[in-house]
Amino acid sequence: MNSFTERVIEIILQIPAGKVMTYGQIAAYAGSPRGARQVVRILHSMSEKHQLPWHRVINAKGEIGFQDEESFFIQKMSLESEGIQFKDNKSINLQKYLFHPSNIIK
DNA sequence: GGATTGACATCCC
DNA sequence: CGGGATGCCAATC
């Protein structure tokens with residue numbers, strides 16, 4: 001299945017530990033600048049099947065999107081274990097941890 | 001093939 | 001980066 005979804009997955013897999021990307025960024029690099037929500041949907045559908053590092057995908061504010069606090073906490077711990085430090089209890093320094101792919105996908 | 005989904009982005013107050 | 005409304009797009013159902 002060669003599609004937007006697959007490119008999104010490829011991009012997510014390229015995010016190095018200790019870095020994060022936003023939904024909008026990923027969508028843009030995958031070819032749809034307005035496709036942030038597709039990324040969300042992909043994570044829901046594919047994360048378990050493809051074993052994606054979904055914990056490295058956050059929203060534009062540098063926060064985890066989860067509303068469920070337990071999942072939120074799990075993701076937060078995952079990020080902290082990769083070296084990302086939270087400023088408050090919920091946000092990270094995007095300018096410091098945001099991953100800027102330059103040539104990961106042709 | 002149409003309706004639903006979705007952890008967002010962005011504009012506007 | 002406070003909070004509500006609106007727009008977006010493609011995979012999934």
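Here is the naming used below: chain letters follow the sequence lines, and residue numbers restart at 1 for every chain. Note that the coordinates shown come from a computational prediction; the quantities given were computed from them, not determined experimentally.
Put simply, the side chain of A:V39 does not reach to within 4.5 Å of the side chain of A:R41, judged on heavy atoms. Side-chain contact between A:W54 and A:Q75 is present, with heavy atoms from C-beta onward closer than 4.5 Å. With a 4.5 Å cut-off on side-chain heavy atoms, A:T22 and A:N59 do not count as touching. In this structure the side chain of A:Y23 never reaches within 4.5 angstrom of the side chain of A:R37, judged on heavy atoms. Taking the side chain as every heavy atom from C-beta outward, A:I12 and A:I42 never approach each other to under 4.5 Å.
Atom pair A:E63:CD and C:dG3:C1' shows a separation of 13 Å (rounding to whole Å applied). The interatomic distance linking A:D88 (CG) with C:dC1 (C1') rounds to 11 Å, in whole Å. The NZ atom of A:K90 sits 10 Å away from the P atom of C:dC1 (whole-angstrom rounding).
Regarding contacts with the backbone of C:dA11, a side-chain N or O of A:S3 is found under 4.0 angstrom from either OP1 or OP2.
Ion pairing of A:E82 with A:R56 is present here, as a side-chain N (NZ or NE/NH1/NH2) and a carboxylate O approach within less than 4.0 Å.
Geometrically, A:K90 does not engage A:F72 in a cation-pi contact, judged by NZ or CZ lying under 6.0 Å from the ring centre and within 45° of the ring axis.
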Does the protein touch nucleotides 6-13 of chain B at the base, only the backbone, or not at all? Give it as B, S and - per nucleotide, heavy atoms under 4.0 Å.
BBBS----

In dot-bracket, 5' to 3', how would DNA chain B read with Watson-Crick or G-U wobble pairs under 3.5 Å, [ ] for crossing ones and | for pairs to another strand?
.|||||.||||||

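With sequence neighbours excluded, no residue satisfies salt bridge (charged side-chain N to carboxylate O under 4.0 Å, His left out) with A:E63.
Annotation: C:dG4 and B:dT5 have their P atoms spaced 22 Å apart (nearest Å).
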